[in-house]
Student: 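I have a structure here, written as structure tokens, and I will follow up with some questions on it.
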There are 2 protein chains.
Amino acid sequence: MPESVDDLLDALRAAGGRVTAPRRAVVGALVDAKGHVTAEELTALVRDKHPDVAESTVYRILDELERLELVVHVHLGHGPASYHLAQTPHAHLVCTTCNRVVEIPIARFARLTRQLETDHGFVPDYAHFAIVGRCEACREPARRPRRQPR
Amino acid sequence: MPESVDDLLDALRAAGGRVTAPRRAVVGALVDAKGHVTAEELTALVRDKHPDVAESTVYRILDELERLELVVHVHLGHGPASYHLAQTPHAHLVCTTCNRVVEIPIARFARLTRQLETDHGFVPDYAHFAIVGRCEACREPARRPRRQPR
DNA sequence: TTCGATGCAAATAGTTTGCATTCTA
DNA sequence: TAGAATGCAAACTATTTGCATCGAA
């Protein structure tokens, strides 16, 4: 599973693609971010050094990286999709109040998965759409919910 | 749990609202539809009889009905949200290939819910965001996936 | 020197909002 | 007849696309 900037750029090249300044910058930002970033956030990171990279270019680079299965995107609820490097697949718990995201191993869902498959022939894809709900801090009546801007 | 057109209109009136032709039509269409409908689908249904009801009006009526907890909306994946009358809360399994939706009782998730709460203090809200995956028919290698237009 | 990648602008989908007008209560 | 609800157009957010230009190989 390639995770360094050079590995990722090599993979792009190996797929017949070209290594350009925007691609270097997007891949670099993605590796540095080490987590979930939206296309908009990624564009902002890239523009620190390369102010005129277009957001559509960032989308296109992300699409290409996804096609090569180097990057994955998740829908964390309302709002834009988040992208991250393709690691071992994991599910996302998203708090609808504070927007915090917790990653949890798919293995935790083994029982439910078995049940859904047995009862409904349905194989869930936990990695691509989050499970939304409320986290501990935001349910605590005592503590104030730590609401975060979107 | 009010589910007849008159009950719903009464509830709107009781909340200080007014009963208008668009409201009658939207509530009627929602009751007739007996399932998940998008705002666009609902608008089309309403326009059979009342051709100049604006889609923004449908959204506003749906918002008001949700505020009164008479209607609920679900995000079934990509694409528009779906609305339905507020019945006993249920989760939605959505096939990413054929877009078919299966409703299943939240009770099925009891174990997972307990686990997520114990391990992460997280209380999932299965009713508001679907669980996506692939249904039996679409995984069958023999049968052709029955892909449906969006 | 070719053709893949980019920047820019415009298109798209889904939803929301501002405002003048309509119509219920 | 007050003010809630509506229609219409425009704004908005997230994303995609067309096209002329640029630049990596």
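Letters A, B, ... mirror the listed sequences (proteins, then strands); counts begin at 1. All of these numbers come straight from a predicted model, not from anything done at the bench.
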Student: Where the side chain of B:Pro80 is concerned, which of C:dT15, D:dA5, C:dG7 is the nearest nucleotide?
Tutor: C:dT15
Student: For residues 20-37 of chain B, run the donor-acceptor check on the side chains, cut-off 3.5 Å, and write out each pair with its distance to 0.1 Å, sequence neighbours left out.
Tutor:
{"from": "B:Thr20", "atom 1": "OG1", "to": "B:Arg23", "atom 2": "N", "distance (Å)": "3.3"}
{"from": "B:Arg23", "atom 1": "NH1", "to": "B:Arg18", "atom 2": "O", "distance (Å)": "3.1"}
{"from": "B:His36", "atom 1": "NE2", "to": "B:His92", "atom 2": "NE2", "distance (Å)": "3.0"}
{"from": "B:His36", "atom 1": "NE2", "to": "B:Glu103", "atom 2": "OE2", "distance (Å)": "3.1"}

Student: Rounded to whole angstroms, how far apart are CD on B:Glu41 and P on C:dA13?
Tutor: 15 Å
Student: Figure out the CG/P separation between A:Asp52 and D:dC22, and round it to whole Å.
Tutor: 13 Å
Student: Without decimals, in angstroms, what is the distance between B:Leu62 CG and C:dG14 C1'?
Tutor: 13 Å
Student: Determine whether a donor-acceptor pair (N or O, by modelled atom type, separation under 3.5 Å) exists between the side chain of B:Arg134 and the backbone of B:Cys138.
Tutor: yes
Student: Provide, to the nearest angstrom, the distance between the CD1 atom belonging to B:Ile61 and the P atom belonging to D:dG7.
Tutor: 8 Å
Student: With a 4.0 Å limit, can you tell me whether A:Tyr59 has a side-chain N or O closer than that to the phosphate oxygens OP1/OP2 of D:dT15?
Tutor: yes
Student: Would you mind listing every ring-ring contact (aromatic ring centres under 6.0 Å, His included) that reaches into residues 7-29 of chain A, with sequence neighbours excluded?
Tutor: none
Student: Just the rounded figure in Å: distance from P of D:dA14 to NE2 of A:His73.
Tutor: 14 Å
Student: Quick check on DNA chain C: between B:Glu40 and A:Pro22, whose nearest nucleotide comes earlier from the 5' end?
Tutor: A:Pro22
Student: Main chain of A:Arg114, side chain of A:Glu117: is a donor-acceptor contact present, judged purely on distance under 3.5 Å?
Tutor: no
Student: Please report, rounded to the nearest Å, how far the P atom of D:dT17 is from the CG atom of A:Asp63.
Tutor: 9 Å
Student: Categorize B:Ala39 for me: base, sugar-phosphate, or nothing, with a 4.0 angstrom heavy-atom threshold over every strand shown.
Tutor: nothing
Student: Name every donor-acceptor pair, under 3.5 Å, that has one atom in a side chain of residues 64-72 of chain B and the other anywhere in the protein, sequence neighbours excluded.
Tutor:
{"from": "B:Glu64", "atom 1": "OE1", "to": "B:Arg67", "atom 2": "NE", "distance (Å)": "3.1"}
{"from": "B:Glu64", "atom 1": "OE2", "to": "B:Arg67", "atom 2": "NH2", "distance (Å)": "3.2"}
{"from": "B:Glu66", "atom 1": "OE1", "to": "B:His73", "atom 2": "ND1", "distance (Å)": "2.8"}
{"from": "B:Glu66", "atom 1": "OE2", "to": "B:His73", "atom 2": "N", "distance (Å)": "3.0"}
{"from": "B:Glu66", "atom 1": "OE2", "to": "B:His73", "atom 2": "ND1", "distance (Å)": "3.0"}

Student: Could you run through nucleotides 18-25 of chain C and give me one letter per nucleotide, 5' to 3': B if any protein heavy atom sits under 4.0 Å from the base, S if only the sugar-phosphate is that close, - if neither?
Tutor: B-----BS
Student: Would you list the pairs meeting salt bridge (charged side-chain N to carboxylate O under 4.0 Å, His left out) in which at least one residue belongs to residues 42-51 of chain B, sequence neighbours left out?
Tutor: none
Student: Taking the hydrophobic residues Ile, Leu, Val, Met, Phe, Trp and Tyr, and joining any pair whose side-chain heavy atoms are under 4.5 Å apart, which ones share a cluster with B:Val102?
Tutor: A:Leu93, A:Val102, A:Ile104, A:Ile106, A:Phe109, A:Leu112, A:Leu116, A:Phe122, A:Tyr126, A:Ile131, B:Leu93, B:Ile104, B:Ile106, B:Phe109, B:Leu112, B:Leu116, B:Phe122, B:Tyr126, B:Ile131
Student: With salt bridge (charged side-chain N to carboxylate O under 4.0 Å, His left out) as the rule and sequence neighbours excluded, what pairs involving residues 82-96 of chain A come up?
Tutor: none
Student: With a 4.0 Å heavy-atom cut-off, tell me which residues in residues 25-35 of chain A come close to DNA chain D, sorted by residue number.
Tutor: none
Student: Check the distance between C:dA13's C1' and B:His78's NE2 and give it to me in whole angstrom.
Tutor: 13 Å
Student: What is the distance, rounded to the nearest whole Å, between atom CD of B:Glu55 and atom P of C:dG14?
Tutor: 9 Å
Student: Can you list every pair that meets ring-ring contact (aromatic ring centres under 6.0 Å, His included) and has a residue in residues 44-70 of chain B, with sequence neighbours left out?
Tutor: none
